[in-house]
Amino acid sequence: MHGGNLTKALAVIMLAVLFFFSGFLHSDAITAVWGLALLLLAAGPGVAWVGKERSHLPLFEVFAGAHLLYYWLPAGDRAGALLNSPADFRETFLMIVCLFLFSGGAVYFTLLGLLRWRGGWRPALLSIPVVSSTGTGWMMGAMWVTAAYYATLQLGLLWRVVPYSIFPVVRTVLMSLGGLAIFFLAVQLGRGRMERFSCVSFFAALGICVFSNALSGFLVHAAGMLAIAFLAYTLGAKRIPLVAVGVGVLVFTFLNLGKAEWRDKYWEGGASADVITMADDWIQASIHGLEARLTRSASSVQMTLLERVDITAILSTIIDQTPRTMPFMGGETYVRSVELFIPRFLNPDRMSNHDLMTEFGLRYGFYYTIEQALSGTNISVGPIAEAWANGGWLAVAAVGAFMGLFFGTGTWLAWGREPEEAGFLLTVPFAVLLSTGAMDFMLGATLMAFEHYFSVTFGIVCVAALLSRRSLTAIDPQPRADSRMPGNVSTVNSAGRAS
């Protein structure tokens, strides 16, 4: 069977399995229909991207697909608030998520149509390939600096050299640096341009980053790093590493079963231990979680505090209370979020990006006191829940359209470029955002984080591009026509192939 047809067949089989085991088939027919609609809107763009031989950077496709994990499969997997709610509420819930994805998809694919018609943006600086030995060396160094940051943070050694007052700046710089390095080096790995020692070095640094993030309790950040690496490798190799992706999904699914128990011990209980003991405790907690799921014991359907504030339960609560007991906020959170973009040296009393989420949690009863809010983990609100709380159906459609435009902008930057070009690398902050907060944060906090990531990445990419251009000029000082630049006979289509 042809590779493309095999990929399509596997995608169809996976979707069928997801739908069959979702849990909605055990519910009423109308809910099952809306569950299927959500499946198509969330997974359909990704399947189409695979079927079209990965012709563009699939930012919105990944964002849409994540809604399966956040809003659909969890509800079918446990006896949560959504599956046990009345049928009309389940239908409303699914219709809201479908409206969000539909409006976002409509804007995103309209933008893709315009790009196919008119092409992308090609300034000279952003068309420089960062592929010289200097650029690659910089990226490998950045990879190990990031690995050292996460390792020392996990071991508690970072605070000996980094004052807490500048920690947010250090964190933003190194998260941007790490995302950029992972993306760039994974592309090179996919294209077979890394020597064996470089491959070993890359995998070692990536393993340290993923392991350290997982042991901090933020499993989604660790999974996000691997997702960036898989996406970049796919773009470089022009094929999806199905075995690696499958193993990654199984491992993180297994670890997720023990996350609540592990967090209860080390976050809520305040326990402390060495790294090996913490990892062993997580594995044992995951085994307990798996046994509970298989035996369907009573404890498997009881939700801890951390499970009650997951994003599915939060959206369910907000839909149930707004506007029945809580009036719409009328855009209050969006207006107040503007303050986040004012530098703190101009406004020392500026609120933090978590303050709005804390107030939101107090408003809807996810926290009972301000002390509980300050001592516990932040709740995951997400753009859909925030939109519904502010303006109902209209706000959900508007914010969905904005997210389609937002991720479409990243696809526009990468359009028609090779993954090693400076312009393509500027899309890495979009990928970092997908792995760290686009589904969990309120919109203002998401955009503020993106502003920080993009500013740092832009500076790094520009420096690397200039160094790469100097290196290439020293090797070959004679300018040569770039076949991908406008005005030449040879052009590049949307897949980056010369025609």
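Not measured: the values here are computed from a predicted model. Worth knowing before you read on, the calculation uses all heavy atoms, side chains too, and leaves out hydrogens, waters and symmetry mates.
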Problem set entry | Test item: T427 side-chain N/O and G423 main-chain N/O as donor-acceptor pair under 3.5 Å | no
Seminar exercise, completed: Here the pair of heavy atoms bringing L413 nearest to F454 is CD1-CE1, 4.3 Å
Exercise. Is it true that atom CZ of F109 has more than 12 heavy atoms of other residues, nucleotides or ligands lying nearer than 6.0 Å?
Worked result: yes
Exercise. Once the angle between the rings of H67 and F63 is folded into 0 to 90°, is it parallel (under 30°), tilted (30 to 60°) or perpendicular (over 60°)?
Worked result: perpendicular
For this session: Considering non-hydrogen atoms only, spot the tightest contact between V187 and A232 and give its length.
Result: CG2-O, 3.4 Å
For residues 37-48, which side-chain donor-acceptor pairs fall under 3.5 Å, sequence neighbours excluded?
none

Problem set entry | Heavy-atom pair with the smallest gap, counting every atom of P58 and Y108 | CA-OH, 4.2 Å
Exercise. Where do F60 and T411 land on the side chain to side chain contact (heavy atoms under 4.5 Å, CB included) test, with the steps shown first?
Worked result: CA-CA 9 Å; F60 183 80; T411 299; over 6 Å; no
Problem set entry | From CD1 (I208) to CG (N213), nearest 0.5 Å | 12.0 Å
For this session: May I have the step-by-step check of side chain to side chain contact (heavy atoms under 4.5 Å, CB included) for S337 and M442, ending in yes or no?
Result: CA-CA 9 Å; S337 294; M442 300 175 80; 5.9 Å; no
Exercise. Less than 4.5 Å apart, any side-chain heavy atom of I287 and any of F254?
Worked result: yes
For this session: Heavy atoms only: give me the nearest L215-W262 pair and the separation to one decimal.
Result: O-CH2, 3.2 Å
For this session: Output yes when a side-chain donor or acceptor of E386 lies under 3.5 Å from a complementary backbone atom of T333, and no otherwise.
Result: no
Seminar exercise, completed: Residue pairs passing the side chain to side chain donor-acceptor pair (under 3.5 Å) test with at least one member in residues 96-105, sequence neighbours excluded, are none
Exercise. Would F402 and L443 satisfy side chain to side chain contact (heavy atoms under 4.5 Å, CB included), going step by step from the backbone distance to the final call?
Worked result: CA-CA 10 Å; F402 174 81; L443 187 60; 4.0 Å; yes
Exercise. Does T457 use its side chain to pair, donor to acceptor, with the backbone of L426 at less than 3.5 Å?
Worked result: no
For this session: Rounded to the nearest 0.5 Å, what's the gap from CH2 on W412 to CG on L111? Could you check?
Result: 9.0 Å
Exercise. OG1/T446 to CZ/F441 distance, rounded to the nearest 0.5 angstrom?
Worked result: 7.0 Å
Exercise. Is there side-chain contact between D281 and T277, with heavy atoms separated by less than 4.5 Å?
Worked result: yes
Problem set entry | Spacing of CZ belonging to F184 relative to CD1 belonging to I460, to within rounding of 0.5 Å | 13.0 Å
Seminar exercise, completed: The reported gap from CZ in R193 to SG in C199 (rounded to nearest 0.5 angstrom) is 13.5 Å
For this session: Using modelled atom types only, decide if a donor and an acceptor are shared between the side chain of S212 and the backbone of Q154 within a distance under 3.5 Å.
Result: no
Exercise. If we only count heavy atoms from C-beta on, is the F183 to F424 side-chain gap below 4.5 Å?
Worked result: yes
For this session: To the nearest 0.5 angstrom, please state how far the OH atom of Y149 sits from the CG atom of L174.
Result: 6.5 Å
Problem set entry | Qualifying residues under ring-ring contact (aromatic ring centres under 6.0 Å, His included), relative to F406, sequence neighbours excluded | F430, F450
Problem set entry | Check: Y364 and I314 side chains under 4.5 Å, non-hydrogen atoms | no
Exercise. If we ignore angles and hydrogens, is there a donor and acceptor under 3.5 Å between the side chains of S216 and Y150?
Worked result: no
Exercise. If every non-hydrogen atom of M139 is compared with every non-hydrogen atom of A181, which pair is closest and at what distance?
Worked result: O-CB, 3.5 Å
Seminar exercise, completed: Residues at least two apart in sequence or cross-chain that pass side-chain contact (heavy atoms from CB on, under 4.5 Å) with V210, listed by chain then number, are L206, A222, M225, L226, F252
Exercise. At their closest point, which heavy atom of T146 faces which heavy atom of L177, and how far apart are they?
Worked result: OG1-C, 4.0 Å
For this session: Would you sort out whether I318 and F360 count as a side chain to side chain contact (heavy atoms under 4.5 Å, CB included), showing the intermediate values?
Result: CA-CA 10 Å; I318 291 172; F360 205 89; 3.2 Å; yes
For this session: State which residues pass side-chain contact (heavy atoms from CB on, under 4.5 Å) with D280; sequence neighbours excluded, sorted by chain then number.
Result: Q284
For this session: Would you check if F458 and P429 make a side-chain contact, meaning some heavy-atom pair closer than 4.5 Å?
Result: no
Exercise. Under the side-chain contact (heavy atoms from CB on, under 4.5 Å) test, which residues partner V251, sequence neighbours left out?
Worked result: V247, L255
